[in-house]
A.B. asks: 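Please read through the structure below; I'll follow up with questions.
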Amino acid sequence: MSQFWKPGAEKPRILDDEEGGVLFLSSSASSSGYGYVSIEKQRQRLPVYKYRTAILYLVEHHATTVIVGETGSGKTTQIPQYLKEAGWADGGRTIACTQPRRLAVQAVASRVAEEMEVKLGEEVGYTIRFEDVTDANKTRIKFLTDGVLLREMMDDPLLTKYSVIMVDEAHERSVSTDIVLGLLKKIQKCRPELRLIVASATIEAKAMAAFFQTRKRRTTKLVESTTSEESAILSVEGRGYNVEIHYVEEPVSDYLQAAVSTVQLIHDKEPYGDILVFLTGQDDIDAAVKLINEEAPNGGKNSSGLFALPLYSGLSRAEQELIFSPTPRGKRKVVISTNIAETSLTLEGIVYVVDSGFSKQRFYNPISDIENLIVSPISKASARQRAGRAGRVRPGKCYRLYTEEYFLKEMSAQGIPEIQRSNLVSSVIQLKALGIDNILGFNWLAAPSPETMIRALEVLYSLGVLDDDAKLTSPIGFQVAEIPLDPMISKMILASNELGCSEEALTIAAVLSIQSIWVSGKGIQKELDEAKLRFAAAEGDHVTFLNVYKAFLQSGKSSQWCYKNYINYQSMKKVLEIREQLRRIAQRLGIALKSCGDMQAVRKAATSGFFSNACQLEAYSHNGMYKTVRTSQEVYIHPSSVLFRVNPKWIVYHSIVSTDRQYMRNVVSIDPSWLTEVAPHFYRQQAPNPFIH
DNA sequence: CTCAGTAAT
């Protein structure tokens, strides 16, 4: 195979499968090396290398190329380099490659810079939120999160600086990926010279290719022309080891117990190698860890050598480090994890996977406007991804706690894309800001329900972000769109400008944007509650956050101080970062930075953003039952709130978590007269609503 | 009386 594909060179062999024009090349097995190998040799050993010519051919001749590549194929690091070598970055143009996660962007960018022997941030750079390691004049290959690409479109709607955009991990179908793909299809119409590569780990390739097809296929053969508007599909094998799949013979009723006994079975019968167990949430995981460690007490001479560790996002730094420390000789590590280990984290040394077949998934109900976390069956795609985690170091085994028949006949192939399970308020305002007027008619890869879209339009209308024609209002709509936050929080910031408390609003906005500022943990509940009391404000959680933030600054941003006060230091660092970004944006929007110390102004600003989340305590309620003003739903203050058991008469909440009850997280007390004051259109009778007739 | 995972010039 020639090292560089040149126009006019013999084109690669194409096997048309009569369905999608799938291209295969016979693969001669690549041997793994021993000892020192040059970077160039390493690159040539990656499975994707055999397809170099084919990929460049397809990109040259097709507006869109869909590449199906398993993990370990090298597609992410190699394809951008091939494109650059073939001249796609000549004349000051840039090749973009998006990822759903920040960590992946950083990791891939530094790997590619290393391979190209250039300094990161020059020829090869990356951009993620809070970090722009690029040089506008020098960067020719740029890695970025798809969320950042979306933001870039606000300044440059046609993304003119990019010659090729590769959207990686498209099978994950994150909200941003779906929106980016829909917008790129639109951009293609105006920029026929733009090339798209959609890289996906699973079969959804055909649906993806069909989506980008701008013209009906004329024949089953690939049409020869300068550029085909048809999309091409290419398949690249991966480099994982074989994973033997085992199913249970009968359905299990208790997957927690089944997981624990499977772990013990593996430990008794199978050779060394660590185990990864997928369960659904913190509770199950902690219980399973306890069961395993009790049945196999470790440390003594008679220890079985089996020890279990939990893994979920809420873990502290120290607990996370345990997971990654190598397993001592003669021991076997069991990591019990949420689906964080499915994509976001890679553990070394895993040989066995136990898959419960479930994960917690978000579901959004546009009628109640509540997002729920529900334990749901995973898709085949997820099941394969989980199994693949066993084959990274040597051939492995995956034990599925469901029957083969269930896998074959009942499990859905792909699962519901996130965009169809989410509140769309943030997405809709982004599309509006990009000039997409007809949200319902947008070319969605998977259209959300009309109810969800209409609900999002209603919320934006009630916030004064959209006018009667569903167009962004000026200036409020455009300002809210500029701020990278939930529109309700952005509205709070805008309102704080007039109320003279923008400094406070920025702090609250930053804290509301992260999971929690408190440390999490089971055994320390009492201590945590006591620590909270030191900062607790009678007005509610928002004011409590201000107290914490102020004290944190006074401590000199000390991690020791955080430790003593049961505050998560990592979270506080994130708060500082987000607040700094918001401060810059606020200044650009002409918001004066003012602090007034008047908590009534602060609560009023919060009400201006969250008036639609107002709740009233039920009269004579002895158990703290509230009803939402908008829909009269039963809700309760979350036990983590400083207002839990305080139960002021009127409150607004930031969000609801739904378990056996609907719990309001982050609440602040208000005066009900503020509701009609800040949102008269919403709280006066029979407010005209242009979206519902 | 409590919480899957990501992400935003």
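What you see below is based on every heavy atom in this structure, not just the backbone, and it leaves out hydrogens, waters and symmetry mates. Every chain is numbered from 1 and lettered A, B, ... according to where its sequence line falls, protein lines coming before strand lines.
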A.B. asks: Can you check the A:L643 CG to B:dC1 P distance for me, whole Å?
C.D. replies: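 Taking CG of A:L643 and P of B:dC1, I get 17 Å after rounding.
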A.B. asks: Would you kindly give the CZ-to-C1' distance between A:R101 and B:dA8, to the nearest whole Å?
C.D. replies: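 Taking atom C1' of B:dA8 as the reference, CZ of A:R101 is at 16 Å.
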A.B. asks: Of the nucleotides B:dC3, B:dG5, B:dC1, which one has an atom closest to the side chain of A:T338?
C.D. replies: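 Looking only at side-chain atoms, A:T338 lies closest to B:dG5.
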A.B. asks: Rounded to the Å, how far apart are A:E482 CD and B:dA8 C1'?
C.D. replies: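 Checked: the CD to C1' distance equals 12 Å.
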A.B. asks: With nearest nucleotides of DNA chain B determined for A:S174 and A:R588 from heavy-atom distances, which residue corresponds to the more 5′ nucleotide?
C.D. replies: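 The residue whose closest nucleotide sits nearer the 5' end is A:S174.
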A.B. asks: How long is the straight-line distance from CD1 of A:I637 back to SG of A:C615, given to the nearest 0.5 Å?
C.D. replies: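 It is 8.5 Å, given to the nearest 0.5 Å.
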A.B. asks: Within the 4.0 Å heavy-atom criterion, would you say A:E418 contacts the bases, only the backbone, or no part of the nucleic acid?
C.D. replies: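 Base contact.
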A.B. asks: How about CD on A:Q515, more than 12 heavy atoms from neighbouring residues, nucleotides or ligands closer than 6.0 Å, or not?
C.D. replies: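 At most 12 heavy atoms, drawn from other residues, nucleotides or ligands, come within 6.0 Å of this atom.
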A.B. asks: By nearest heavy atom, map A:Q581 and A:Q361 onto DNA chain B; which one lands nearer the 5' end?
C.D. replies: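 The residue closer to the strand's 5' end, by nearest nucleotide, is A:Q361.
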A.B. asks: Determine the contact category for A:I483: base if any of its heavy atoms lies under 4.0 Å from a base atom, sugar-phosphate if only primed atoms, P, OP1 or OP2 are that close, otherwise nothing.
C.D. replies: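 Nothing, no heavy atom under 4.0 Å.
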A.B. asks: The side chain of A:P639 lies closest to which of these nucleotides: B:dT6, B:dC1, B:dA4?
C.D. replies: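 So the nucleotide nearest the side chain must be B:dC1.
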A.B. asks: Establish, for the pair A:R421 and A:Y364, whether the NZ or CZ atom is under 6.0 angstrom from the six-membered ring centre and no further than 45 degrees off its axis.
C.D. replies: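 That pair does not qualify as a cation-pi contact.
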A.B. asks: Give one of base, sugar-phosphate or nothing for A:D156, where a contact means two heavy atoms less than 4.0 Å apart.
C.D. replies: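 A:D156: no heavy atom of the nucleic acid under 4.0 Å.
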A.B. asks: More than 12 foreign heavy atoms under 6.0 Å from NZ of A:K574: is that the case here?
C.D. replies: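 12 or below, so no.
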A.B. asks: Once you apply a heavy-atom cut-off of 4.0 Å, does A:I340 come out as touching a base, just sugar-phosphate, or nothing?
C.D. replies: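 The answer is sugar-phosphate, as A:I340 gets under 4.0 Å only of primed atoms, P, OP1 or OP2.
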A.B. asks: Return the nearest nucleotide to the side chain of A:P484; candidates are B:dT6, B:dC3, B:dA8.
C.D. replies: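 Nearest to the side chain of A:P484 among the choices is B:dA8.
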A.B. asks: Which whole-number value in Å describes the distance from A:L279 CG to B:dA4 P?
C.D. replies: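 My rounded result for the distance is 12 Å.
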A.B. asks: Nearest to the side chain of A:R661, which nucleotide is it out of B:dA8, B:dG5, B:dC1?
C.D. replies: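 Selected nucleotide (nearest to the side chain): B:dC1.
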A.B. asks: A:Y569: which residues meet the ring pair (Phe, Tyr, Trp, His ring centres under 6.0 Å) condition with it, sequence neighbours left out?
C.D. replies: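 With sequence neighbours excluded, A:Y569 shows a ring pair (Phe, Tyr, Trp, His ring centres under 6.0 Å) to no residue whatsoever.
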A.B. asks: Could you please name the option among B:dG5, B:dC3, B:dA8 that lies closest to any side-chain atom of A:R362?
C.D. replies: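 Ranking B:dG5, B:dC3, B:dA8 by closest atom to the A:R362 side chain puts B:dG5 first.
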A.B. asks: Rounding to an integer number of Å, can you tell me how far A:E169 CD sits from B:dA7 P?
C.D. replies: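 Distance, rounded to whole Å: 13 Å.
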A.B. asks: I want to verify a distance call: between B:dA4, B:dA8, B:dT6, whose nearest atom is closest to the A:Q282 side chain?
C.D. replies: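 Comparing B:dA4, B:dA8, B:dT6 against the side chain of A:Q282, the answer is B:dA4.
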A.B. asks: If you compare every side-chain N and O of A:S176 against the phosphate oxygens of B:dT6 (OP1, OP2), does one of them come in below 4.0 Å?
C.D. replies: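 Checking A:S176 against B:dT6: no side-chain N or O falls below 4.0 Å of OP1 or OP2.
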A.B. asks: By the 4.0 Å heavy-atom rule, please label A:R173 as base, sugar-phosphate, or nothing.
C.D. replies: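 No contact at all - A:R173 keeps every heavy atom at 4.0 Å or more from the nucleic acid.
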A.B. asks: Whole-Å distance between B:dT6 C1' and A:I578 CD1?
C.D. replies: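 In whole Å, B:dT6 C1' and A:I578 CD1 are 14 Å from each other.
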A.B. asks: Side chain of A:R665: nearest nucleotide among B:dC3, B:dC1, B:dA8?
C.D. replies: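 The nucleotide sitting nearest to the side chain is B:dC3.
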A.B. asks: Round to a whole Å and report the spacing from CD1 of A:I493 to P of B:dA8.
C.D. replies: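 Whole-Å distance recorded here is 17 Å.
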A.B. asks: Rounded to whole Å, please give me the gap between CD in A:Q515 and P in B:dG5.
C.D. replies: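 A:Q515 atom CD is separated from B:dG5 atom P by 7 Å.
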A.B. asks: Could you pull out all residues at least two apart from A:E530 that satisfy side-chain contact (heavy atoms from CB on, under 4.5 Å)?
C.D. replies: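 Residues passing side-chain contact (heavy atoms from CB on, under 4.5 Å) with A:E530: A:K526.
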A.B. asks: Regarding A:T145, tell me which of base, sugar-phosphate or nothing describes its non-hydrogen contacts under 4.0 Å with the strands shown.
C.D. replies: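 Sugar-phosphate contact only - A:T145 comes under 4.0 Å of backbone atoms but never of a base.
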A.B. asks: Counting only side-chain heavy atoms from C-beta out, which of B:dG5, B:dC1, B:dT2 sits nearest to A:S313?
C.D. replies: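 For A:S313, the side-chain atoms sit closest to B:dG5.
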A.B. asks: Please tell me if A:R102 has a side-chain N or O lying less than 4.0 Å from either OP1 or OP2 of B:dA8.
C.D. replies: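 Checking A:R102 against B:dA8: at least one side-chain N or O falls below 4.0 Å of OP1 or OP2.
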